[in-house]
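FYI, side chains are in, hydrogens and waters are out, and symmetry mates aren't considered; it's all heavy atoms of this structure. Protein chains get the first letters and strands the later ones, always in sequence-line order, with residue 1 at the start of each. Remember, it's a predicted structure, so these values are computed and weren't measured experimentally.
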Amino acid sequence: MGLITLINHKSSFINLNYHNNQNLSFFIFFSSKSQQQKQPFSTSVETIVTLLKSCSKKTHLLQIHTQIIRTLLIRQQIILTSFLSCVALSPLHDLKYSNRFFAQIRKPDCFNFNTMIRAYSQSDSPLEGWKFYNGMRERGIRPNPLSSSFVLKSCTRISSLIGGRQIHARILQDGHQSDCLLLTTLMGFYAFCENGSDARLVFDEMPQRDTVAWNVLISCYARNGRTRDALSLFDFMQNPEYGSKPDDVTCLVALQACAHLGSLEFGERIHRYIDEHGYGDATNLRNTLIAMYSRCGCVDKAFRVFQGMSERNVVTWSAIIHGFAMNGHGRDAIEAFREMQRMNVPPDDQTFTGVLSACSHSGLVDEGLMFFERMRIEYGIAPSIHHYGCMVDLMGRAGYLDQAYELIISMTVKPDSTIWRTLLGACRIHRHVALGERVVSHLIELKAQEAGDYVLLLNMYASVNDWDKVADVRKLMKEKGIQTTPGCSTIELHGQVHEFVVDDDSHPQMKEILAMLDEIEKQLKIAGYVAEVSSELHKLSAHDKGFVLSYHSEKLAIAFGVLSTPPGKTIRVAKNLRICIDCHNFAKALSSVYNREVVIRDRSRFHHFREGNCSCNDYW
DNA sequence: CTAGGGTTAG
């Protein structure tokens, strides 16, 4: 086809090709100016609109502008509108230009206002969109559901709860309360502001709910700690009464909930669902599966998923590195990191969080220091508070307490309470009272003292037999009315999660469980297990509540596991607080006497017990 | 004279 023929077929040619070769369509457009006048008017409009839609370069835009500014075309609303959309939204996203252009439009319509609101919602100053949202009312233009949707996005981005509530009210005023998509955005907003109950209220008010709406609710619950509710929704939505089918996103967010809860059985069920419904190839789902299995203490399963993947990105590698790290396989984590480099996948900050935490959990001090150095120098990644946290943990556990303190002081980021708490934990392990007290003063300065901090302090004094100080701290806690978080352990059985809380005997089988625990302790004592009561948290809760006998929740959960599962089956327990040394010894002894593998998940990692050994000997 | 909207990985 010759060029002349091409030019004659200009419009259709551009329509067909703009997405394939933008430069070519621009070439044809501008080399056929003389032809253009002969074209029917409407075709020209169409052509320009098409060009604007595909325009991703400022120079092209300016060319079109000069071209149309001299013609009558510039007065056509559709051209103005297309032009504004082109400047305002990505990839051009030029807010200065779009503001100037917007001012030129004599009668901006709802769509034009929405374009501006949308452009600002994606910008660095999302709230500027409000001006247009209010502006359209002043000009007597009724906002449509999309106006509210875009300005809601702005509120979500800066977590403005007040702003979002105002929009919520206006949505009702404007009569848009049956717009399913808009309400989903609204739910997403409440979810993002960690306001699960309001998200739920919106959900309940929705006239009909599709899978996306369910997904938002599940994701909201999964992120805000209501993991159990999140999982029950996975089944609930399939109820014929609602009839929504979980899709790939549902699986993804549900898997996150499983990871949080340590709910292996449920996670495996979702894994099967994924394979049965043909979502198995999605990289994001595979990555989440790796994370889920890792966080349920099954690195081998995580690794199997990892091995089965043909495409692995940074997230994949980071997930498996984290998986190895939190399960005590520090060396494997480092090996995975090396392999990742061989495959030329550049690591990012989160990869290094995994590598560094692998070093800290496995006591690889030199390696940790080396990676910390390489991260900054070789990869130019500025350490975040998480990286520092790993380093403080690493140095602290290894006994380099003063160096850890120095590191915190030298940080470019402001130390948060978590990092001080990490050091406080190390002070307790190494019985470094003087530094521990200094750390507490920092926590007090941050006004961030939590019950757990007092407990650590208490344990530290107890470990050096300073009972006067122990009494002081206790008194202080009583005066301040500080409530300790009760220890809580969960164990999953046939898809049901059983929860055990210290001093709470509400479990229907509590009698049998206590009898079983008694029996176990007897057996373990014969094998040489000696109860250790240096953990003051233990005494404290029993003392405060007037119990003579008080069992840690993980012991109850383990006893329940022995009671309710066949011999040889692995017992998996998740615990909200740090495991204490006594329960650690208990599990270790049980793994050999009862020949059971025991896996306990702590706040941040796993303790694997097998045949009287554990994965974390000196670093519990 | 016709455009834009919701959920999602380590």
Side-chain angles (χ1 to χ4, degrees), chain A residues 42 45-46 49-50 52-53 76-86 88-90 109-119 121-122 143-153 156 176 179-189 191-192 199 202-203 206 209-223 244 246-256 259 279 282-295 302 305-306 309 312-326 336 340 345 347-355 357 386:
Chain A
S42 63
V45 170
E46 204 175 82
V49 169
T50 312
L52 282 170
K53 258 197 218 162
Q76 295 214 10
Q77 183 75 15
I78 179 170
I79 297 276
L80 291 169
T81 300
S82 303
F83 202 89
L84 183 67
S85 307
C86 178
L89 304 174
S90 60
D109 59 11
C110 180
F111 188 88
N112 298 142
F113 274 104
N114 286 356
T115 305
M116 293 307 288
I117 303 173
R118 181 145 83 116
S121 77
Q122 296 162 359
N144 67 7
L146 281 103
S147 322
S148 314
S149 176
F150 295 140
V151 77
L152 253 179
K153 262 269 148 63
T156 309
H176 297 148
D179 188 313
C180 179
L181 272 71
L182 178 57
L183 292 186
T184 313
T185 316
L186 186 61
M187 274 175 66
F189 159 76
F192 193 83
V202 176
F203 182 82
M206 285 172 81
R209 308 172 188 98
D210 60 6
T211 300
V212 181
W214 287 96
N215 290 350
V216 177
L217 190 65
I218 296 175
S219 147
C220 172
Y221 281 174
R223 276 207 310 259
S244 285
D247 64 4
D248 50 343
V249 179
T250 322
C251 292
L252 198 126
V253 293
L255 281 175
Q256 290 175 321
Y279 305 138
T283 309
N284 55 355
L285 273 177
R286 300 261 119 191
N287 291 344
T288 313
L289 277 169
I290 296 176
M292 183 276 291
Y293 280 127
S294 302
R295 295 204 58 171
V305 175
F306 175 84
M309 289 172 72
R312 300 181 186 129
N313 56 22
V314 217
V315 182
T316 319
W317 287 100
S318 304
I320 198 70
I321 290 171
H322 266 112
F324 282 135
M326 69 178 100
M340 170 185 186
V345 181
D348 66 7
D349 54 332
Q350 293 209 53
T351 318
F352 276 104
T353 313
V355 173
S357 81
H386 301 291

Subject >> Closest nucleotide among B/dA9, B/dG5, B/dG6 to the A/Val315 side chain >> reply: B/dA9
Original post:
Phosphate oxygens OP1/OP2 of B/dT8: is one of them under 4.0 Å from a side-chain N or O of A/Arg223?
Top reply: yes
Original post:
Can you tell me if the side-chain N/O atoms of A/Gln256 get under 4.0 Å from OP1 or OP2 in B/dG10?
Top reply: yes
Original post:
Can you find a donor-acceptor pair, distance only, under 3.5 Å between A/Asn215 side chain and B/dG6 base?
Top reply: no
Original post:
Among A/Asn112, A/Leu146, A/Val151, which residue meets the side-chain contact (heavy atoms from CB on, under 4.5 Å) test with A/Ile117?
Top reply: A/Val151
**OP:** Assign A/Ala213 to base, sugar-phosphate, or nothing according to its heavy-atom contacts below 4.0 angstrom with the strands shown.
**Re:** base
Original post:
Per the atom types in the model, does the base of B/dA9 pair as donor or acceptor with the side chain of A/Asn284 at under 3.5 Å?
Top reply: no
Original post:
A/Ser294 near the nucleic acid: base, sugar-phosphate alone, or nothing, with a heavy-atom cut-off under 4.0 Å?
Top reply: nothing
Original post:
Can you name the closest pair of heavy atoms from A/Tyr279 and A/Pro246 and give their distance?
Top reply: OH-O, 3.8 Å
Original post:
CD of A/Gln77 versus P of B/dA3: gap in Å, rounded?
Top reply: 15 Å
**OP:** For A/His386 and B/dG10, give me the distance from atom NE2 to atom C1', rounded to whole Å.
**Re:** 13 Å
**OP:** Examine the base of B/dG6 for any acceptor or donor lying under 3.5 Å from a partner atom in the side chain of A/Asp210, and report the outcome as yes or no.
**Re:** yes
Original post:
Which part of the nucleic acid, if any, lies within reach of A/Val212 when heavy atoms closer than 4.0 Å are counted: base, sugar-phosphate only, or nothing?
Top reply: base
Original post:
A/Asn112 near the nucleic acid: base, sugar-phosphate alone, or nothing, with a heavy-atom cut-off under 4.0 Å?
Top reply: nothing
Original post:
If you take atom types as modelled and just measure distance, does the side chain of A/Asp179 reach the base of B/dG5 with a donor-acceptor pair under 3.5 Å?
Top reply: yes
**OP:** Compare side-chain N and O positions of A/Lys53 against OP1 and OP2 of B/dT2 and report whether any pair is under 4.0 Å apart.
**Re:** no
Subject >> For atom OH of A/Tyr279 and atom C1' of B/dA9, their distance in whole Å >> reply: 16 Å
Original post:
So, the side chain of A/Arg312 versus the backbone of A/Phe306: is there a donor-acceptor pair under 3.5 Å, distance only?
Top reply: yes
Subject >> Which nucleotide in B/dA9, B/dT7, B/dG6 has an atom nearest any side-chain atom of A/Ser219 >> reply: B/dT7
**OP:** Could you tell me the separation between the CG atom of A/Leu285 and the C1' atom of B/dG10, rounded to a whole number of Å?
**Re:** 14 Å
Original post:
Where the side chain of A/Thr184 is defined as all heavy atoms beyond and including C-beta, which of B/dA9, B/dG5, B/dG6 is the nearest nucleotide?
Top reply: B/dG6
Subject >> Stacked pair A/Phe111-B/dA3, distance under 5.5 Å, angle under 30° >> reply: yes
**OP:** Would you indicate what A/Leu252 reaches in the nucleic acid, counting non-hydrogen atoms under 4.0 angstrom: base, sugar-phosphate, or nothing?
**Re:** sugar-phosphate
Subject >> Length of the CG-P vector between A/Leu182 and B/dG5, whole Å >> reply: 14 Å
**OP:** Could I get the full list of side chain to side chain contact (heavy atoms under 4.5 Å, CB included) partners for A/Ser294, not counting sequence neighbours?
**Re:** A/Ile290, A/Ala302, A/Met326, A/Asn327
**OP:** Quickly work out the A/Ile78 CD1 to B/dG4 C1' distance and round it to whole Å.
**Re:** 14 Å
Original post:
Quick check: does any side chain N or O of A/Ser149 sit under 3.5 Å from a backbone N or O of A/Pro145, one acting as donor and the other as acceptor?
Top reply: no
**OP:** Quickly work out the A/Leu289 CG to B/dA9 P distance and round it to whole Å.
**Re:** 14 Å
Subject >> Minimum-distance pair of heavy atoms, taken over all atoms of A/Val355 and A/Ile321 >> reply: N-CG2, 3.7 Å
Subject >> Among B/dG4, B/dG5, B/dG10, the nucleotide that comes nearest once only the side chain of A/Leu181 is considered >> reply: B/dG5
Original post:
With no hydrogens and no angle check, is any side-chain donor or acceptor of A/Asp210 less than 3.5 Å from a backbone partner on A/Ala213?
Top reply: yes
**OP:** Could you check how far CZ of A/Phe83 sits from P of B/dC1, rounded to whole Å?
**Re:** 21 Å
**OP:** Using a 4.0 Å heavy-atom cut-off across all strands, classify A/Thr185 as base, sugar-phosphate, or nothing.
**Re:** sugar-phosphate
Original post:
If you look at every strand shown and take non-hydrogen atoms under 4.0 Å, does A/Val314 touch a base, only sugar-phosphate, or nothing?
Top reply: base
**OP:** Would you indicate what A/Asp247 reaches in the nucleic acid, counting non-hydrogen atoms under 4.0 angstrom: base, sugar-phosphate, or nothing?
**Re:** nothing
**OP:** Would you indicate, yes or no, if B/dT7 has its OP1 or OP2 atom less than 4.0 angstrom from a side-chain nitrogen or oxygen of A/Lys153?
**Re:** yes
